[in-house]
Asker: 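Input: one structure, supplied below.
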Protein chains: 2
Amino acid sequence: MPIEIPDVVIDRLPLYYRLLTRLEAEGRGVISSHELGGELGVTPAQIRKDLSYFGRFGKQGRGYSVQRLAQELRLILGLNRRWRVVVVGIGRLGRAISSYPGFEGQGFDIVGRYDANPAVAGTSIDGQEIRDARHLEADLSAAPADIGIVAVPAEYAQDVVDTLVRGGVRAILNYTPARVQVTANVELKHINPVVFLQSMTYHLKLTARSRA
Amino acid sequence: MPIEIPDVVIDRLPLYYRLLTRLEAEGRGVISSHELGGELGVTPAQIRKDLSYFGRFGKQGRGYSVQRLAQELRLILGLNRRWRVVVVGIGRLGRAISSYPGFEGQGFDIVGRYDANPAVAGTSIDGQEIRDARHLEADLSAAPADIGIVAVPAEYAQDVVDTLVRGGVRAILNYTPARVQVTANVELKHINPVVFLQSMTYHLKLTARSRA
DNA sequence: AAGTGTGAACAAGTTCACAGCC
DNA sequence: GGCTGTGAACTTGTTCACACTT
């Protein structure tokens, strides 16, 4: 077994990757851990340590080749292929997610949109049909997806997640405030703006108002 | 100076709080750290330790009064008052955020919606006027807000954030993929679905497909 | 001279385990 | 008897500092 890589390291890699792709587009050739860290608010040692889990990508005295490092991160993160994503729940939020232009350029193809509301199912968005959520499991059997995005009302979240998992989806991004359960082999992340706001108000409460 | 409370503890409190309010609504009287932890996937020791930073809310041999603990968390997190929120950028995502019914019930009032697009500014959403983004700073001077939610195109994110900070906003939720800078006295959180997906694909890449 | 890669030192965060109280 | 609150032990994650490479 190779040494175990901390999850917190994995979570930082997309951050590095995003900056590197920008630098790559700008034609920047080489960058040091110090400069990378400066841009991202991370210490240079942290960046070197994080990268050292995966290999030796830098050159002493020079730094990292932007192009090489971006490519290595693509391989590490599995971004050298396309991923099939289904979105379940096409309300206002699901609609915004489905139409978000940032996914496609990063290799995430939305291959299915589902809603249980009969007034919504059968309609289209961006020229793509919204399928009745009843078809979800059968559709996944016929053409599997890798990732599911859940934007249904909270009370249906667990059901939808169970269906996705039965259908072979191995990663789920849950936009619902409900905490859902999955088996250990499925990746799960929650996005809940209220939770973010509530941890911010803790600090606001402590800070004196800076305005006159 | 009181002992410093780790940020990671603060980030868990809204989770505890959400479960407690549900239990409170169900009329549950008392709960042990063990049972709380079971629901949330957190160890009982962790919950007790986290809460012990703020006081002694439990009773030995019994557990925690659901009502008391929910109330204490409200006070700790600053949820015993209402918070004024402005949303900047009323595209598809900003619209979904503005209309999200989950904010109001948790004490977050959306008191302003702004967009720089002249075709959008002046129109209404849920009966609320969308103001031209040019008015943002002046409006904040006249009637301050506590929190800003940014859902503009990435290239305008830093400008909008600077305007919000000048206007006295002390916490910012950035839905933009751009990493923005703020002074140390301003709270900042990023929500970027692509970053979440990219750290999940790392794991997907490693896991063998479980389907036939 | 500059900057990586990394073991070692340090810091932070989690879990243990048990005294104390209900 | 059951469960909290909490120092102490442990584990995990971060930073230091320097040998080494270009």
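Residue numbers start from 1 in every chain, and the chains themselves are labelled A, B, ... in the order their sequence lines are given, proteins ahead of strands.
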Asker: With the threshold set at under 4.0 Å for non-hydrogen atoms, list the residues of residues 60-73 of chain B touching DNA chain D in residue-number order.
Answerer: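 Residues of residues 60-73 of chain B under 4.0 Å from DNA chain D: B/Q60, B/G61, B/R62, B/G63, B/Y64.
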
Asker: Would you say the side chain of B/S32 lies within less than 4.5 Å of the side chain of B/Y64, judging by non-hydrogen atoms?
Answerer: no

Asker: Can you sort out the partners of B/F103 under ring pair (Phe, Tyr, Trp, His ring centres under 6.0 Å), two or more places apart, ordered by chain and number?
Answerer: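 With sequence neighbours excluded, B/F103 shows a ring pair (Phe, Tyr, Trp, His ring centres under 6.0 Å) to B/Y100, given in chain and number order.
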
Asker: Are B/D109 and B/R84 within salt-bridge range, i.e. N to O under 4.0 Å?
Answerer: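 Salt bridge between B/D109 and B/R84, a charged N being under 4.0 Å from a carboxylate O: no.
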
Asker: Under a 4.0 Å heavy-atom cut-off, which of residues 20-36 of chain B touch DNA chain C?
Answerer: none

Asker: With a 4.0 Å cut-off, would you call B/E24 and B/R28 a salt bridge?
Answerer: no

Asker: Would you say that A/I47 contacts A/Y16 through its side chain, given a criterion of any heavy-atom pair below 4.5 Å between the two side chains?
Answerer: yes

Asker: Please determine whether a side-chain nitrogen of the Lys or Arg among B/R81 and B/D146 lies less than 4.0 Å from a carboxylate oxygen of the Asp or Glu.
Answerer: yes

Asker: Would a 4.5 Å heavy-atom cut-off, applied to side chains only, mark B/L173 and A/M200 as touching?
Answerer: yes

Asker: Please state how far atom CZ in A/F57 lies from atom P in D/dT21, giving the value in whole angstrom units.
Answerer: 19 Å

Asker: To 10°, what angle do the rotation axes through the five end pairs on each side of the helix from C/dA1-D/dT22 to C/dC22-D/dG1 form?
Answerer: 10°

Asker: Can you name the atoms? Protein N/O to nucleotides 10-13 of chain D N/O, anything below 3.5 Å, with the distance.
Answerer:
none

Asker: Could you tell me whether B/R134 and B/D139 make a salt bridge, using a distance below 4.0 angstrom between a side-chain N and a carboxylate O?
Answerer: no

Asker: Output yes when at least one side-chain N/O atom of A/T43 is less than 4.0 Å from OP1 or OP2 of D/dT15, else no.
Answerer: yes

Asker: Return yes if a side-chain donor-acceptor contact under 3.5 Å exists between B/N192 and B/Y175, otherwise no.
Answerer: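 The answer is no; no qualifying pair exists.
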
Asker: Donor-acceptor pair, B/T176 side chain versus B/V152 backbone, under 3.5 Å?
Answerer: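 Between the backbone of B/V152 and the side chain of B/T176 there is a qualifying donor-acceptor contact (under 3.5 Å).
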
Asker: Any protein N or O atoms within reach of nucleotides 6-9 of chain D? Criterion: under 3.5 Å, listing atom names and distances.
Answerer:
residue	atom	partner	partner atom	Å
D/dT6	OP1	B/R56	NH2	2.9
D/dG7	N7	B/K49	NZ	3.3

Asker: Is A/R166 salt-bridged to A/E137, cutoff N-O under 4.0 Å?
Answerer: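 Looking at A/R166 and A/E137, the cut-off is met.
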
Asker: Quick one, B/S98 and B/I90 - any side-chain contact, counting heavy atoms below 4.5 Å?
Answerer: yes

Asker: Can you tell if the side chain of B/V195 reaches within under 4.5 Å of the side chain of A/R18, non-hydrogen atoms only?
Answerer: no

Asker: To the nearest Å, how far apart are A/L51 CG and C/dG3 C1'?
Answerer: 13 Å

Asker: Write down the distance between OH (B/Y16) and P (D/dT4), rounded to a whole number of angstrom.
Answerer: 13 Å

